[in-house]
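Below is one structure, written out as structure tokens; the observations come after it.
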Protein chains: 2
Amino acid sequence: MKDGGAKRGPTSADKVLGVLSLFTAERPVWSPERAARRMRVSLATGYRYFNTLVAAGMLEKLHRNRYVLGPAIVELDRQVRAADPVLKLAQPVMQRLLRRLREPAAILLCRHYRQKVMCIHQETNRSGEAVSSQPVSSYERGTLRPMFRGATSKVILAHLPARAIVNLWRDHRREIVATGMGPGFEDFKAALRALRREPVNVSSSEVDEGRTGIAAPIFDATGRVNGSLSVVLLSPPASARAVTRLTIAVQAAAREIERGRGAAGDKGSKK
Amino acid sequence: MKDGGAKRGPTSADKVLGVLSLFTAERPVWSPERAARRMRVSLATGYRYFNTLVAAGMLEKLHRNRYVLGPAIVELDRQVRAADPVLKLAQPVMQRLLRRLREPAAILLCRHYRQKVMCIHQETNRSGEAVSSQPVSSYERGTLRPMFRGATSKVILAHLPARAIVNLWRDHRREIVATGMGPGFEDFKAALRALRREPVNVSSSEVDEGRTGIAAPIFDATGRVNGSLSVVLLSPPASARAVTRLTIAVQAAAREIERGRGAAGDKGSKK
DNA sequence: TACAAATTTCTCACAGTGTGAGAATCAGGT
DNA sequence: ACCTGATTCTCACACTGTGAGAAATTTGTA
């Protein structure tokens with residue numbers, strides 16, 4: 001991705017960890033042989049990598065020649081959830097907000113991760129009711145979305161520190177321009193300034209067709225964006241009045257989450 | 001764990017991966033310094049390990065000296081969920097089973113992992129209704145339970161291959177005896193045989209006080225235990241008739257999950 | 001049961017790299 | 001701006017991760 005003067009090659013552990021990112025939705029099963037070829041290492045080393053990862057529980061041998069991501073990942077994600085103070089605060093707030101809505105909707109908690117936006121938690125009010133009907137939001141814990149489309153993303157994008165904005169422009173100029181945020185860097189910054197002026201962002205059909213997202217940023221104690229909270233509606237809002245009502249509710253929920261921080265870290269740890 | 005003649009020490013990648021298992025519920029935040037001391041490596045190497053893991057997204061720098069498990073884990077777990085054929089099959093079955101219950105309950109899908117049992121998925125019928133009330137089950141995706149207590153575990157234990165049984169006896173004799181499965185290995189095997197005779201297992205207050213678990217094993221296409229499906233009831237069942245009814249329902253659900261396999265793997269892959 | 005073909009581990013020598021100690025640099029809080 | 005602690009850098013050395021191929025194991029099939 002970024003390359004400001006390659007000092008030294010990837011370390012051994014880098015490559016072992018890199019194996020994990022081979023496992024995608026399109027190809028969830030890998031053999032040591034194929035992985036070795038892909039990573040440009042010998043077959044023996046491919047087996048060594050796989051054995052290391054299996055020993056750590058990060059991979060699991062399904063059959064013969066077929067490996068999938070392993071249970072250690074499930075266990076680690078449980079640790080992540082248990083240790084995430086924002087999630088703990090947000091969950092009841094999200095459930096309360098959802099209960100006030102009288103239509104199919106999803107509430108999303110998201111954060112930014114590597115020039116993208118990741119969903120951390122989702123609450124839905126149609127859990128398994130109508131089986132065949134389409135879901136309100138394709139977003140789900142662990143899924144990524146582009147930084148430039150959708151209320152959820154844009155509200156985070158708008159408040160990113162200057163350094164991050166510069167990097168985004170450098171790495172995704174094409175995409176930014178395609179989204180209509182001006183042909184030049186100055187236009188981009190102006191668009192972000194405009195986004196910042198509104199306490200929430202409302203966008204329609206930018207991620208999922210027909211859906212409307214209403215999102216508010218969540219800031220941490222130091223004033224940096226920590227993520228966003230959003231409501232996704234299945235159908236377009238009935239009226240401008242309805243939008244206003246939701247806007248206020250989302251904003252209030254975000255403030256409530258922010259208010260809860262402070263009891264999260266143990267500061268008394270003597271290194 | 002097992003040690004049949006230590007050939008060589010842990011490799012570099014082993015140690016890097018080992019860092020991840022330092023992050024527990026009791027201590028979710030680590031500094032490179034403390035981790036280095038714990039892993040018996042130099043401070044510089046501690047920083048190297050942390051930087052490697054941060055680059056992979058497996059760790060995240062919270063502040064100064066404070067690192068937590070990172071977003072890559074969340075993303076990977078999403079891949080695990082998306083790629084898990086059993087989960088995909090089981091989820092609707094679990095929801096349907098839950099909807100038939102007219103009392104507070106939880107449905108659990110579990111699997112065995114490293115001499116323990118891990119929860120893969122949970123469905124509850126009291127999601128956020130009464131806020132302050134106790135949850136039906138403390139089990140949750142990614143959490144582990146001992147192999148010898150609770151219906152969920154015992155039903156898996158009963159059908160484990162002989163090799164695994166021997167290892168369990170070797171590594172957990174104390175615990176097994178404490179659970180009442182005989183003082184000798186023969187008694188243990190007899191207890192397992194008895195468990196195997198019943199198609200489901202019903203246990204009370206072995207994991208969570210006052211709760212009753214009703215579990216059925218799930219077998220894969222080759223006839224090995226793949227995991228278990230269980231119902232956890234908040235209150236003891238009203239009657240023996242109620243138990244029978246649930247027993248049949250759980251068993252039927254497990255069979256339904258088993259029936260769905262076969263369309264999961266792509267066998268036509270030319271290595 | 002035995003065979004053939006694939007997968008997986010092992011052996012070994014060598015180059016490459018991960019390592020520790022300490023110096024140098026950087027960042028944060030006051 | 002300061003000072004303290006956190007983080008990176010430098011460098012030489014030992015070690016260990018690596019590739020090629022042989023050996024062993026497992027799997028599918030006759």
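The chains referred to below are lettered A, B, ... by the order of the sequence lines, with proteins before strands, and numbering in each begins at 1.
By the side-chain contact (heavy atoms from CB on, under 4.5 Å) test, B/Gln251 is found to be paired with B/Pro199, B/Val200, B/Thr247, B/Arg255, residues two or more places apart in sequence or in another chain being considered. Residues meeting the salt bridge (charged side-chain N to carboxylate O under 4.0 Å, His left out) test with B/Lys189, sequence neighbours left out: B/Glu186. With sequence neighbours left out, the salt bridge (charged side-chain N to carboxylate O under 4.0 Å, His left out) criterion links B/Glu256 to B/Arg96. In terms of the side-chain contact (heavy atoms from CB on, under 4.5 Å) criterion, A/Arg114 has no residue partners (sequence neighbours excluded). Considering only residues two or more places apart in sequence or on other chains, A/His63 meets the ring-ring contact (aromatic ring centres under 6.0 Å, His included) condition with none of them. For A/His159, the ring-ring contact (aromatic ring centres under 6.0 Å, His included) partners at least two apart in sequence or on another chain are A/Phe219. Listed by chain and number, the residues in a salt bridge (charged side-chain N to carboxylate O under 4.0 Å, His left out) with B/Arg111 are A/Glu60 (sequence neighbours excluded).
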Listed pairs under 3.5 Å, donor-acceptor, residues 48-55 of chain A side chains, sequence neighbours left out:
residue	atom	partner	partner atom	Å
A/Arg48	NH2	A/Thr45	OG1	3.4
A/Asn51	ND2	A/Tyr47	O	3.3
A/Thr52	OG1	A/Arg48	O	3.0

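The residue among B/Tyr67 and B/Ala13 whose nearest nucleotide of DNA chain D lies closer to the 5′ end is B/Tyr67. Checking A/Ser12 against A/Asn51, the closest nucleotide of DNA chain C that is more toward the 5' end is the one next to A/Asn51.
For the 3.5 Å distance criterion, the side chains of B/Asn167 and B/Gln115 fail to qualify, holding no donor opposite an acceptor.
Rounded to an integer number of Å, the gap from B/Asn65 CG to D/dT4 P is 18 Å. Taking atom CG on B/Leu62 and atom P on C/dG28, their separation rounds to 14 Å, with Å as the unit. Residue A/Lys15 contributes atom NZ, which lies 8 Å from atom C1' of D/dT18 at whole-angstrom precision. Between A/Tyr47 atom OH and C/dT9 atom C1' there is a gap of 9 Å when expressed in whole angstrom units. In this structure, A/Tyr49 places its OH atom 8 Å from C1' of D/dG17, rounding to the nearest Å. Per the geometry, CD belonging to A/Glu33 stands 15 Å off C1' belonging to C/dT9, to the nearest Å.
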Pairs under 3.5 Å (N/O, protein and nucleotides 20-26 of chain C):
residue	atom	partner	partner atom	Å
C/dG20	OP1	B/Ser42	N	3.4
C/dG20	OP2	B/Ser42	N	3.1
C/dG20	OP2	B/Ser42	OG	2.7
C/dG20	OP2	B/Thr45	OG1	2.2
C/dG20	N7	B/Arg48	NH2	2.8

What N/O pairs connect the protein and nucleotides 25-30 of chain D at under 3.5 Å? Give each pair on its own line.
residue	atom	partner	partner atom	Å
D/dT27	O4'	A/Arg64	NH2	3.0

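Counting any heavy atom pair closer than 4.0 Å across all strands shown, A/Phe50 reaches no nucleic acid atom.
Legend: salt bridge (charged side-chain N to carboxylate O under 4.0 Å, His left out) pairs involving residues 71-83 of chain A, not counting sequence neighbours, sorted by first then second residue: A/Asp77-A/Arg81, A/Asp77-A/Arg141, A/Arg78-B/Glu140, A/Arg81-B/Glu140.
Taking five base pairs at each end of the helix from C/dT1-D/dA30 to C/dT30-D/dA1 and finding the rotation axis that steps the C1' atoms of four pairs onto the next four gives two axes whose angle is 80°, to the nearest 10°.
Taking the six-membered ring for Trp and thresholds of 30 and 60 degrees, B/Trp169 and B/Phe185 have ring planes inclined between 30 and 60 degrees apart.
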